[in-house]
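In this text the structure is predicted, and so the values were computed from the model without any measurement. Side chains included, hydrogens not; waters and symmetry mates left out as well; all remaining heavy atoms used. Just so it is clear: chains get the letters A, B, ... in the order the sequence lines come, proteins before strands, and each one is counted from 1.
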Amino acid sequence: MNSKSILLKIFHKLLGQYGTRQWWPAKTRFEVIVGAVLTQNVTWKNAKKAVDNLKKAGLLSCAALALAKHTEVAEKIISSRYYNQKAKKLKAFSFFLMNSYAGSLNKLFSGKMEDLREELLKIKGIGKETADCILLYAGHMPSFVSDAYTKRFLDRYGLLNGMTTYDDIRNFFMQNLPEDVYLYNEYHALIVYHGHAVCQSKPDCPHCPVRVIDKTTYCRYAQSQLI
DNA sequence: GTCCAGGGCCTAC
DNA sequence: GTAGGCCATGGA
């Protein structure tokens, strides 16, 4: 079976097992972007608390964040960890959007995807994963989101084939899957759910007949179920 | 008390 | 180009 068929087969297995993941849970595109920054290296639960605090304080807009004082933003997002860093990141993105696109997400997302990706990557605090989350979940553009789960996932199913960098893996999915926003959306969410919420990579994972000792240990249950 | 979440930046080699 | 430290909460 070629990579294309395997990736699609795994996707349909995951979707059948877990159903749609309903990502991204946010009301506006700006909220998606704020959430993408706040969830960096923290659980969504903690990130969401921070998003809600910003919303209550009337800070969930580009203009409001750009004008707010650093401490005002930071204290609202304490639950998201690294709050000082993240306050700077939120303000940096807001300044970028104000200055380059007059605060308009419509304008931001009207350009070419790869060009926009490069532009986002220049903003301090937005790395590749966050940029792809913004493109996919806020901009509804077909940019596959990779991450540590995705790498481990490919490794577990023997599909990694020496790929090491983030872009290697992103390209692998994008070259072997149809250019489909819905597909990319669900696939990333399902990989995270499968790897985290279900398989958990913990010694007591109820789905793994073989103990999963650490993040790199093979999950035989997962393999047998999905391929 | 320990471990780890829907990362990214900076520095040193 | 990459390994390692830093950032510094909250739940299990």
Is there a chain of hydrophobic side chains (I, L, V, M, F, W, Y, each step under 4.5 Å between heavy atoms) that links A:Leu90 to A:Phe30?
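Yes, it is one cluster - the side chains of A:Leu90 and A:Phe30 are joined through contacts under 4.5 Å.
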If the cut-off is 4.0 Å, is [X] near the phosphate of [N], judged by side-chain N/O to OP1 or OP2?
{"X": "A:Tyr83", "N": "C:dT9", "answer": "yes"}
{"X": "A:Thr130", "N": "B:dG8", "answer": "yes"}
{"X": "A:Asn41", "N": "B:dG8", "answer": "no"}
{"X": "A:Lys49", "N": "C:dG11", "answer": "yes"}

Will you find, in the side chains of [X] and [Y], an N or O donor that is under 3.5 Å from an N or O acceptor?
{"X": "A:Thr165", "Y": "A:Arg170", "result": "no"}
{"X": "A:Tyr166", "Y": "A:Asp132", "result": "yes"}
{"X": "A:Ser3", "Y": "A:Asn176", "result": "no"}

Figure out the [atom1]/[atom2] separation between [X] and [N], and round it to whole Å.
{"X": "A:Trp44", "N": "B:dG7", "atom1": "CH2", "atom2": "P", "answer": "12 Å"}
{"X": "A:Tyr82", "N": "B:dA5", "atom1": "OH", "atom2": "P", "answer": "11 Å"}
{"X": "A:Asn46", "N": "C:dA12", "atom1": "CG", "atom2": "C1'", "answer": "12 Å"}
{"X": "A:Lys151", "N": "C:dT2", "atom1": "NZ", "atom2": "C1'", "answer": "11 Å"}
{"X": "A:Lys76", "N": "C:dT9", "atom1": "NZ", "atom2": "P", "answer": "17 Å"}
{"X": "A:Leu90", "N": "B:dG8", "atom1": "CG", "atom2": "C1'", "answer": "14 Å"}
{"X": "A:Arg81", "N": "B:dC3", "atom1": "CZ", "atom2": "P", "answer": "14 Å"}
{"X": "A:Lys88", "N": "C:dC6", "atom1": "NZ", "atom2": "P", "answer": "16 Å"}

Hey, does A:Asp147 reach any base, or is it just sugar-phosphate, or nothing, if we go heavy atoms under 4.0 Å?
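Here A:Asp147 touches no strand at all.
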Please tabulate, one pair per line, each protein N/O and nucleotide N/O from nucleotides 9-13 of chain B that are separated by under 3.5 Å, including the distance.
residue, atom, partner, partner atom, Å
B:dC9, OP1, A:Gly125, N, 3.1
B:dC10, OP1, A:Lys124, NZ, 3.1

Taking the P atom of each, how far is B:dC10 from C:dA8, in whole Å?
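Going atom to atom, P in each nucleotide, I get 15 Å.
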What do you reckon, are the aromatic ring centroids of A:His188 and A:Phe144 less than 6.0 Å apart?
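Ring centres of A:Phe144 and A:His188 not closer than 6.0 Å.
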Before we go on, tell me: are the rings of A:Trp44 and A:Trp24 under 6.0 Å apart, centre to centre?
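Yes, the ring of A:Trp44 comes within the 6.0 Å limit of the ring of A:Trp24, centre to centre.
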Matching residue for A:Gln40 among A:Glu129, A:Lys89, A:Lys86 - test: side-chain hydrogen bond (donor to acceptor under 3.5 Å, both in side chains):
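The residue from A:Glu129, A:Lys89, A:Lys86 that satisfies side-chain hydrogen bond (donor to acceptor under 3.5 Å, both in side chains) with A:Gln40 turns out to be A:Lys89.
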What residue among A:Trp23, A:Phe173, A:Tyr149 forms ring-ring contact (aromatic ring centres under 6.0 Å, His included) with A:Tyr187?
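One option only clears the test, and that one is A:Phe173.
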Chi angles and distances behind the side chain to side chain donor-acceptor pair (under 3.5 Å) call for A:Tyr101, A:Glu119:
CA-CA 12 Å; A:Tyr101 293 93; A:Glu119 213 173 342; 2.8 Å; yes
For DNA chain C, please output the secondary structure as dot-bracket, reading 5' to 3'. Pairs are Watson-Crick or G-U wobble, both atom distances under 3.5 Å; mark crossing pairs with [ ], other-strand partners with |, unpaired with a dot.
|||||||.||||
